[in-house]
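Only a predicted model underlies this, so the values are computations on that prediction, with no experimental measurement involved.
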Amino acid sequence: MKKLLMIPAAMLLSTAAAAPRISAQSIIVNPTQPDLSVSVRVNKDSSGNGNPTYRVGENITISTTVNRDAYVYLFNVDANGEVTQILPNRLGGENFVKANTTVTFPRPGANFTFTVGEDLGLNKVLALASLTPLNLDQLSTFKSQQDQFATVNARGQNQLAQALSIVVNPIPQNSWVTDTAFFTVVSQNPVQTGSLFVGTNVANATVILNGQRLGTANATFSNIRPGTYPVRVQAPGYRDYTTTITIRAGVTTNLNVDFAQVVTPAPAPAPNQYTLAIRSNVTGARVFIDGREVGTIQNGGLNVTVARGSREVVLIAPGYRTFVNTYNVTSNAQITINPAR
C-alpha cells in the first residue's frame with residue numbers, strides 16, 4: 001500500500017432531505033444524541049483534538065473505538081478533495097468492531113504499511129459507526145476482484161456528506177454516529193510557507209485573506225507567507241464570517257465556518273414626515289394644522305410638512321366661513337380648500 005489512494009469522483013450526489021447535518025468541522029453530524037459513540041484517532045494524536053503533521057511517505061496508522069458492537073466505516077478526505085474508503089477493504093480490514101475494543105489499520109503484524117501520499121495539506125478522517133450494516137453501493141464499489149480498496153464516487157467533504165446522508169437516511173437516527181480526526185501532510189523538505197484550509201457547511205462560499213480573494217471554500221490554499229491575517233468568508237444568503245488567523249511555516253491552519261444565520265433584509269422604515277400641499281383661491285388666508293398656525297395662502301397655495309397620522313386643518317380668512325376638516329395623512333398629498341363667504 002503506497003499511499004492514501006487518489007480516486008477520481010464520477011458522480012455528483014444530490015442532498016438528501018434527511019436529518020443528518022452537514023458540518024464544516026465534522027463533515028456529517030447526527031442531530032440527535034444516540035447512546036452509540038465512536039472515536040477515530042491517528043497514531044500521532046491520541047487525544048483526537050489535534051492536527052499532527054506527517055511528511056510525504058511517512059507511515060500512519062488509524063484506530064477506531066466504539067462503546068457498542070457496531071459496523072465502522074472509515075473515509076479519508078485529502079487536501080485536494082479526493083476521498084478514500086479505508087474501511088471496509090480487502091486487506092484484512094474488517095469493519096465490525098466489538099464494544100469497547102480498538103481496531104487499528106493496518107493491524108499490528110500486517111504485512112503492509114499505510115503511508116501518506118503527496119497531496120500536501122489538511123486531511124480529515126471520518127468514522128461512521130452503525131448498529132447495522134450500511135449499503136454503500138451508491139457511494140463506493142470494488143471494481144474488480146483484484147481491487148484492495150473500493151472506488152469512491154464522491155469528491156470533497158460536501159459530496160461525501162451528501163452521499164452519506166442518503167446512506168443513513170433509511171435507518172433509525174439513534175443507531176449511527178460519527179467522529180472526525182485531522183492530520184496535515186507536508187513535504188519532505190522544510191518549507192518557508194504555510195497553508196490554510198477553510199471548510200464550510202454551505203456551497204459557493206468565498207475566502208478572502210488579507211483583502212485578497214483566495215477562491216472557493218472547502219479547499220486548501222498553499223504558499224502563504226507566515227504571519228497573522230484577517231480572513232473573511234462570504235456565502236450568498238448568509239452573514240459574512242470574519243476572524244483573524246495565524247499562518248505558520250510548514251503547517252496547515254484549519255478554519256471551519258458553520259454558517260447558520262441567513263441574512264434577512266430589514267424592512268425599510270416607513271417615513272414619518274410628508275408634504276401636504278394646500279391649494280386655495282383665497283390669498284392671505286391663514287392656515288392652522290392641529291391648532292398651530294403654519295402660514296398663509298400665497299400664489300394659490302401653501303406646502304406644509306406634517307407627521308403621519310390624523311391632522312386637523314383649519315383655514316381662516318376675513319369675509320369667509322372658517323373651514324375645518326380632519327385628514328388621515330399616510331403619504332404626500334394635495335387638498336383644495338375654497339371656503340364659502
Rounded distance [0.5 Å steps], OG1 in T193 versus CG in L196: 12.5 Å
Taking every non-hydrogen atom, the tightest pair across I171 and S130: CD1-OG, 3.8 Å
Test item: N218 side-chain N/O and T200 main-chain N/O as donor-acceptor pair under 3.5 Å: yes
Co-membership, hydrophobic cluster, residues I335 and V306, 4.5 Å side-chain: yes
Worked verdict on F183 versus V125 for side chain to side chain contact (heavy atoms under 4.5 Å, CB included): CA-CA 8 Å; F183 67 92; V125 181; 3.7 Å; yes
N43 side chain to Y54 side chain, donor-acceptor N/O pair below 3.5 angstrom: yes
T246 backbone acceptor or donor facing T253 side chain under 3.5 Å: yes
Whether N30 side chain and W176 backbone form a donor-acceptor pair below 3.5 Å: yes
Other residues, nucleotides, ligands: >12 heavy atoms within 6.0 Å of R225 CZ: no
Any side-chain heavy-atom pair of T330 and N328 under 4.5 Å: yes
Heavy atoms of other groups near Q33 CD, more than 12 under 6.0 Å: no
Side chain to side chain contact (heavy atoms under 4.5 Å, CB included) between Q85 and Y73, intermediate numbers included: CA-CA 8 Å; Q85 179 177 306; Y73 302 83; 5.8 Å; no
Closest contact, heavy atoms only, N67 versus N100: CA-OD1, 3.6 Å
Positive for side chain to side chain donor-acceptor pair (under 3.5 Å) with R232, one of T242, T243, D240: D240
Derivation of the side chain to side chain contact (heavy atoms under 4.5 Å, CB included) call for E312 and V324: CA-CA 7 Å; E312 180 189 72; V324 181; 4.0 Å; yes
Side chain D78, main chain D119, donor-acceptor under 3.5 Å: no
Q173 and T32 side chains, donor-acceptor separation under 3.5 Å: no
I278 reachable from V282 in the ILVMFWY side-chain graph, under 4.5 Å edges: no
Path from L120 to L122 over hydrophobic side-chain contacts below 4.5 Å: no
Audit row: L139, V152, side chain to side chain contact (heavy atoms under 4.5 Å, CB included) steps and yes/no: CA-CA 6 Å; L139 172 63; V152 179; 4.0 Å; yes
Donor-acceptor under 3.5 Å (S63 side chain, T102 main chain): no
Same apolar cluster (I L V M F W Y, side chains within < 4.5 Å links), V116/I86: yes
Separation between OG of S47 and CZ of R41, rounded to the nearest 0.5 Å: 6.5 Å
Heavy-atom side-chain contact between V313 and L276 under 4.5 Å: yes
Aromatic ring pairing F149/F114, orientation class (parallel under 30°, perpendicular over 60°, tilted between): parallel
Side-chain (T296) to main-chain (A285) donor-acceptor, under 3.5 angstrom: no
Validation row: V77, L126 side chains within 4.5 angstrom (heavy atoms): no
Sub-4.5 Å side-chain heavy-atom contact between D69 and F96: yes
Minimum heavy-atom distance D45-G50, with the two atoms named: OD2-N, 2.8 Å
Separation between CG of D290 and CZ of R311, rounded to the nearest 0.5 Å: 5.0 Å
N204 atom CG, neighbour heavy-atom count above 12 within 6.0 Å: no
Short side-chain to backbone donor-acceptor contact, T141 and D137, under 3.5 Å: no
Residues T184 and N51: side-chain donor-acceptor under 3.5 angstrom: yes
V294 to V304 - nearest heavy-atom pair and separation: CG2-CG2, 3.8 Å
Nearest-0.5 Å distance, CD of residue Q162 to CD of residue Q157: 10.5 Å
Same cluster (ILVMFWY, side-chain, under 4.5 Å), I208 and V202: no
R155 side-chain N/O to N80 backbone N/O, donor-acceptor pair under 3.5 Å: yes
Passing option when Y241 is tested against L255, V198, V231, V207 for side chain to side chain contact (heavy atoms under 4.5 Å, CB included): L255
P172 vs P34 side-chain heavy atoms within contact, under 4.5 Å: no
For the student: nearest non-hydrogen atoms of K44 and P52, plus distance: CB-CB, 3.6 Å
Min side-chain heavy-atom separation T322-P339 under 4.5 Å: no
S26 side chain vs S23 backbone, donor-acceptor pair below 3.5 Å: no
Reported CG-to-CG distance for the pair L74 and N95, which is rounded to 0.5 angstrom: 8.5 Å
Nearest-0.5 Å distance that lies between atom CG in L315 and atom CZ in R286: 10.5 Å
Minimum side-chain heavy-atom gap D35-N174 below 4.5 Å: no
Distance-minimising heavy-atom pair for F142 and N89: CZ-CA, 4.1 Å
Any donor-acceptor pair under 3.5 Å from N153 side chain to S140 backbone: no
Within-4.5 Å side-chain heavy-atom neighbours: N303 and T275: yes
